[in-house]
Amino acid sequence: MSGVERRLTGSLRFRLLAGAAVWIALALALAGLVLSGLFRDHVARRFEAELTNHLDQLAALIELGADGAPLLRQPLSDPRFRRPLSGLYWQVGPGDTPALRSRSLWDEALALLPDEVADGDIHRHSVVGPAGRQLSVLERAVTLPNGTAPLRMAVAQDESELRAVVADFNRVLWLSLGALALALVAAAVVQVSVGLRPLVRLRAELAAVRAGRRKRFGGDSPREVQPLLDDLNALLDHSEEVVVRARLQAGNLAHALKTNLAVLANEAEGEAAARRVAEMRRHIDHHMARARAAAARGLPGVATPVADSAGALARVMEKLQLGGRGGRRVTVTVRVPREHVFAGEREDLDEMLGNLLDNAMTWAGSRVEVASRLEAGGMLAVVVDDDGPGLPADRRDAVLAPGVRLDESTPGSGLGLAVVRDVARLYGGDLRLGDSPLGGLRVELVLPAAALS
C-alpha cells in the first residue's frame with residue numbers, strides 16, 4: 001500500500017465520505033432497479049390492456065355476411081391499423097388463413113401458432129411479424145351468431161415500442177438518480193465537514209499549544225468533544241505541575257549544595273581544596289542545566305522569542321562589560337527577527353545565549369553580533385560572531401570538552417560551551433563553531449523552532 005493510499009484510508013473524513021458514497025450508490029441502484037422493474041411491469045400491463053381493448057373492439061365490429069363470410073362493419077378507431085407497417089395489426093379468419101386483416105399488414109399475414117383456442121379464451125403469443133419485428137399477439141376464438149365455426153381474431157403490436165418506452169424511462173431514471181447521488185454526496189461532504197469541524201479546530205488548537213501560542217485548549221466545543229478537551233487540559237496541568245515541582249526540587253537541592261560548597265570554599269585551606277570545590281560547583285551547574293533542559297524538552301505550550309532573550313542579555317552584558325579586556329568596550333548588535341521563536345524555556349535559552357555572549361565578549365576586540373536564521377527540519381540557528389582572534393579549526397573540538405581552558409589568563413570556568421552544547425542536544429539541536437566574517441569566532445546555536453502568531 002502506497003503512502004497516498006495509507007493517508008486516505010487512515011483519514012476519518014475519507015472513511016465517512018467513502019461509506020456515505022457506497023451506501024448512497026447501493027441504495028439508489030437498488031431503488032433504480034425496483035423502479036425500473038415496476039415501470040416495465042406497468043407498461044407491459046398497459047400494453048396488454050390496450051391490445052385487449054383492440055381485440056374487444058374487433059370482436060364487436062365483426063359480423064357474418066349473407067354468404068357466411070366475416071366482414072367488418074366499420075374500421076377500428078386506432079388510425080395505426082390503416083397505416084402500412086405501423087406496428088399495430090389485426091386479422092380475422094376461420095383458421096390459419098385470414099379472411100380479413102388490417103391495412104397495416106399490407107400483403108402479409110400474422111403467423112399465428114397452430115394451437116387450439118377455446119371459445120372466448122384469450123391466448124398470448126410472441127411471433128415474428130412484418131419486417132422481421134417481434135410482435136406481441138392476443139388471440140381469441142369467437143363463434144358469431146349463425147356461424148358454424150369459431151373465428152380466430154388476433155391483434156398484434158410491435159414489442160420495440162414497449163422496449164423504447166422502457167428505455168426512455170430508464171434513461172431519465174438513471175440520469176435523475178445520478179444527479180440525486182451527486183447531490184447526496186455533496187450533502188454528505190458538507191455534513192462531514194461540519195461534523196468534523198470541532199476536530200479540525202482541535203487540531204489547530206493542538207498546534208497552537210505545541211507552538212506555545214496558547215497554554216490550554218478552548219472550552220467552547222460540542223458535548224461529544226468537550227470531555228476530550230477537559231482530559232487534555234487536565235493532562236497539561238498535571239505535566240506542568242510535575243515539571244514545576246521537579247525543577248523546584250532540583251533548584252532547592254542545587255541551592256543547598258551550593259551553599260555548603262560556598263562554606264567549604266571559605267573554609268578550604270590550600271589551592272587543591274579550592275580547585276575541588278570549584279570543580280564540584282561546575283558539575284552541579286552542568287547537571288542542573290541538563291536536568292532543566294530535559295524536563296522542558298517537548299513540553300507543550302513552551303516557546304521563547306529569541307529577540308527578547310538576546311536583546312535583554314545584550315543590554316545587561318554591555319552595562320556590565322563582562323567581556324571587556326584592557327578597558328576596551330564591546331558593542332553587542334542584535335539582528336534577530338521577532339518571528340524567530342525557540343521551542344523551549346526562556347531560562348534555558350538565557351543560559352545558553354548568556355554563555356555564548358560571555359565567551360564572545362571575553363575574546364572580542366570591540367564588536368559582537370547576534371543574528372538568527374531558519375533552517376530545514378523546523379530548526380533555528382542563532383549565530384554569535386565576534387571580532388576577536390578566532391580559534392584554529394584543529395582546536396575547536398577541544399574547546400567543547402568540559403573543563404578544557406585554551407587560555408588560563410582569561411576569566412571563566414572553561415565549561416560554558418560544553419554546557420551550551422549539551423543543553424542544545426537535549427533539545428534536539430547542536431552547537432557549531434566556525435570562522436566569523438568579523439575576523440573572530442562564529443558560534444552557531446541550532447535549536448528547535450516554534451511558530452508565533
Side-chain angles (χ1 to χ4, degrees), residues 34-173:
V34 171
L35 291 175
S36 177
L38 291 175
F39 181 78
R40 184 173 58 251
D41 293 342
H42 170 74
V43 172
R45 287 193 298 269
R46 296 296 302 171
F47 190 81
E48 185 173 331
E50 184 179 1
L51 286 180
T52 303
N53 290 335
H54 291 318
L55 187 60
D56 291 340
Q57 187 180 19
L58 179 64
L61 295 175
I62 292 293
E63 62 183 19
L64 294 178
D67 57 356
L71 57 87
L72 189 65
R73 291 200 307 270
Q74 65 183 48
L76 272 67
S77 60
D78 196 316
R80 289 177 295 173
F81 286 119
R82 296 186 292 275
R83 189 171 69 247
L85 305 179
S86 65
L88 185 61
Y89 315 102
W90 64 264
Q91 73 180 27
V92 177
D96 296 336
T97 303
L100 297 173
R101 58 187 173 186
S102 63
R103 182 178 176 81
S104 58
L105 277 173
W106 200 244
D107 57 353
E108 297 189 37
L110 298 176
L112 300 179
L113 298 179
D115 58 345
E116 295 292 334
V117 181
D119 193 14
D121 289 347
I122 296 179
H123 282 199
R124 297 166 180 82
H125 305 296
S126 181
V127 300
V128 177
R133 296 183 177 277
Q134 200 72 24
L135 304 179
S136 291
V137 180
L138 289 188
E139 180 185 357
R140 174 186 289 168
V142 178
T143 302
L144 297 177
N146 300 325
T148 58
L151 295 175
R152 297 183 69 178
M153 302 180 183
V155 292
Q157 189 168 356
D158 193 342
E159 292 181 355
S160 63
E161 297 183 13
L162 172 64
R163 291 193 295 270
V165 171
V166 174
D168 289 342
F169 174 80
N170 286 339
R171 182 168 54 254
V172 174
L173 173 65

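These numbers were taken from a predicted model, which means no experiment stands behind them. All heavy atoms count here, side chains included; hydrogens, waters and symmetry mates do not.
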Original post:
Can any side-chain N or O of R101 pair as donor or acceptor with the backbone N or O of Y89 at less than 3.5 Å?
Top reply: no

**OP:** Enter the distance from L144:CG to E63:CD here, rounded to the nearest 0.5 Å.
**Re:** 8.5 Å

Subject >> For the student: nearest non-hydrogen atoms of A111 and V127, plus distance >> reply: O-CG1, 3.6 Å

Subject >> Value rounded to 0.5 Å, distance of OG1 in T52 from CZ in R46 >> reply: 10.5 Å

Subject >> Pairwise side-chain contact, Q91 with L112, heavy-atom cut-off 4.5 Å (strictly under) >> reply: yes

**OP:** Indicate yes or no: at least one non-hydrogen side-chain atom of V43 is less than 4.5 angstrom from one of L162.
**Re:** yes

Original post:
Hey, does V128 have a side-chain heavy atom less than 4.5 Å from the side chain of Q134?
Top reply: yes

**OP:** Please name the residue in the list W90, F47, F81 that meets the ring pair (Phe, Tyr, Trp, His ring centres under 6.0 Å) test with H54.
**Re:** F81

**OP:** Without swapping roles, check the side chain of E161 against the backbone of G87 for a donor-acceptor pair under 3.5 Å.
**Re:** no

**OP:** May I ask you to check whether over 12 heavy atoms, not counting those of R133, lie within 6.0 Å of atom CZ?
**Re:** no

Subject >> Contact summary for L58 and A154, nearest pair of heavy atoms >> reply: CD2-O, 4.1 Å

**OP:** State, to 0.1 Å, how close P70 and L100 come at their nearest heavy-atom pair, and which atoms those are.
**Re:** O-CD1, 3.5 Å

Original post:
Should R140 and D56 count as side-chain neighbours, where that means a heavy-atom distance under 4.5 Å?
Top reply: yes

**OP:** With L88 as reference, evaluate L105, D158, L76, D78 under the side-chain contact (heavy atoms from CB on, under 4.5 Å) test and give the passing residue.
**Re:** D78

Original post:
How far apart are the C-alpha atoms of Q57 and V155, what are their side-chain angles, what is the distance that settles it, and do they pass the side chain to side chain contact (heavy atoms under 4.5 Å, CB included) test?
Top reply: CA-CA 10 Å; Q57 187 180 19; V155 292; over 6 Å; no

Original post:
Does any non-hydrogen side-chain atom of P75 lie less than 4.5 Å from one of L61?
Top reply: no

Original post:
Between V92 and L72, is any pair of side-chain heavy atoms under 4.5 Å apart?
Top reply: no

Subject >> Separation between CD of E48 and CZ of R124, rounded to the nearest 0.5 Å >> reply: 4.0 Å

Subject >> Heavy-atom neighbours of R103 CZ exceed 12 at 6.0 Å >> reply: no

Subject >> Gap separating the CG atom of L135 from the CD atom of E159, nearest 0.5 angstrom >> reply: 7.0 Å

**OP:** May I ask you to decide if the ring planes of F39 and F169 are parallel, tilted or perpendicular, using 30° and 60° as cut-offs?
**Re:** parallel

Original post:
When rounded to the nearest 0.5 angstrom, what is the spacing between NE2 in H42 and CZ in R40?
Top reply: 13.5 Å

Subject >> Minimum heavy-atom distance A156-V137, with the two atoms named >> reply: CB-CG2, 3.7 Å

Original post:
Which distance, rounded to the nearest 0.5 Å, do you find between the CG of L138 and the CE of M153?
Top reply: 14.0 Å

